[in-house]
Amino acid sequence: MPQRLVGRVNACAVALRSSPRWGRLVRRHLTVVTYTGRRSGRTFSTPVGYRRTGGTVMIAVKLPDAKKWWRNFTGAGGPVSLHLDGVDRAGHAVARRDDRGRVTVTVELDS
């Protein structure tokens, strides 16, 4: 997908999260991940689908080979912030690719 289109889709997703009509429903399944790029040192934010169980958040990366953000969390992982329950929550994210090529980012939220 062209980068310009991706930017528009992400902007729409973020707008839906703050919508008075749809926001409550969308926020149950969509959050915004904020992280610092390993090489660039720049801060990035991107909307992602998630599942939360207690202090653990699982993000299944769709089309992982077409995306780069999750690569910041390979190996030992790194710090991340997620917007959950109306506040930013810090945590540590680790990305893993399974034998079928699927990528899951697991975030352990800080207490």
Side-chain angles (χ1 to χ4, degrees):
M1 284 175 52
Q3 192 63 27
R4 198 169 173 187
L5 179 59
V6 171
R8 286 186 178 164
V9 169
N10 285 349
C12 287
V14 171
L16 274 174
R17 277 183 45 82
S18 58
S19 162
R21 184 174 192 167
W22 302 105
R24 209 169 159 184
L25 175 67
V26 172
R27 284 188 298 268
R28 288 186 208 165
H29 307 285
L30 189 73
T31 188
V32 176
V33 173
T34 302
Y35 62 96
T36 301
R38 277 201 249 196
R39 287 192 272 172
S40 70
R42 292 177 40 206
T43 300
F44 299 94
S45 294
T46 189
V48 296
Y50 75 98
R51 281 187 341 226
R52 180 177 177 186
T53 305
T56 302
V57 176
M58 303 292 287
I59 302 166
V61 181
K62 306 296 183 199
L63 301 169
D65 294 325
K67 298 175 183 168
K68 297 179 183 175
W69 71 268
W70 61 269
R71 293 180 175 122
N72 286 282
F73 307 108
T74 57
V80 68
S81 174
L82 302 174
H83 194 79
L84 299 168
D85 304 324
V87 297
D88 289 327
R89 298 281 310 271
H92 185 81
V94 177
R96 300 223 192 302
R97 185 185 287 263
D98 68 15
D99 56 351
R100 298 175 82 188
R102 296 177 296 201
V103 173
T104 302
V105 177
T106 304
V107 179
E108 294 297 332
L109 298 172
D110 295 346
S111 302

Peer 1: Which atoms form the tightest heavy-atom contact between R71 and K67, and what is the distance?
Peer 2: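 In terms of heavy atoms, the two residues are closest at NH1-O, 2.9 Å.
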
Peer 1: Identify the heavy atoms of N72 and R38 that sit nearest to each other, and give their distance.
Peer 2: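 What the structure gives for the nearest pair is OD1-N, 2.8 Å.
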
Peer 1: Hey, mind stepping through V105 and V61 against side-chain contact (heavy atoms from CB on, under 4.5 Å) and telling me if it holds?
Peer 2: CA-CA 7 Å; V105 177; V61 181; 3.9 Å; yes

Peer 1: Please check: side-chain N/O of W70 versus main-chain N/O of P64, any donor-acceptor pairing under 3.5 Å?
Peer 2: yes

Peer 1: List for me each residue that meets salt bridge (Lys or Arg N to Asp or Glu O under 4.0 Å) alongside R97, sequence neighbours excluded, and say none if there are none.
Peer 2: D65

Peer 1: Over 60° means perpendicular and under 30° means parallel, so classify the ring planes of Y35 and W69, tilted if in between.
Peer 2: tilted

Peer 1: What pair of heavy atoms forms the shortest contact from G49 to I59, and how long is it?
Peer 2: O-CG2, 3.5 Å

Peer 1: Of the non-hydrogen atoms in S45 and T34, which two are nearest, and what is the gap between them?
Peer 2: OG-OG1, 2.8 Å

Peer 1: If you round to the nearest 0.5 Å, how far is CZ of R89 from CZ of R52?
Peer 2: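 So the gap between those two atoms works out to 5.0 Å.
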
Peer 1: When you look at CZ of R51, are more than 12 heavy atoms from neighbouring residues, nucleotides or ligands closer to it than 6.0 Å?
Peer 2: no

Peer 1: I'd like to know if V103 and V94 are part of one continuous hydrophobic network [Ile/Leu/Val/Met/Phe/Trp/Tyr, side-chain heavy atoms within less than 4.5 Å].
Peer 2: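 The answer is no; the residues belong to distinct hydrophobic clusters.
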
Peer 1: Are M58 and L30 connected, step by step, through hydrophobic side chains (Ile, Leu, Val, Met, Phe, Trp, Tyr) whose heavy atoms are closer than 4.5 Å?
Peer 2: no

Peer 1: Taking atom NZ of K62 and atom CZ of R102, what is their separation to the nearest 0.5 Å?
Peer 2: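 Answer rounded to 0.5 Å: 9.5 Å.
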
Peer 1: Any chance you could lay out the side-chain contact (heavy atoms from CB on, under 4.5 Å) test for Y50 and L82, step after step, and finish with the verdict?
Peer 2: CA-CA 10 Å; Y50 75 98; L82 302 174; over 6 Å; no

Peer 1: Tell me if a side-chain donor or acceptor on T31 pairs with a main-chain N or O of H83 at a distance below 3.5 Å.
Peer 2: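 Looks like yes, one N/O pair under 3.5 Å.
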
Peer 1: A side-chain contact here means heavy atoms from C-beta on lying under 4.5 Å apart; do V57 and L109 qualify?
Peer 2: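 Sidechains of L109 and V57: in contact.
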
Peer 1: Quick one: closest heavy-atom pair of G91 and V107, and the distance?
Peer 2: CA-CG1, 4.2 Å

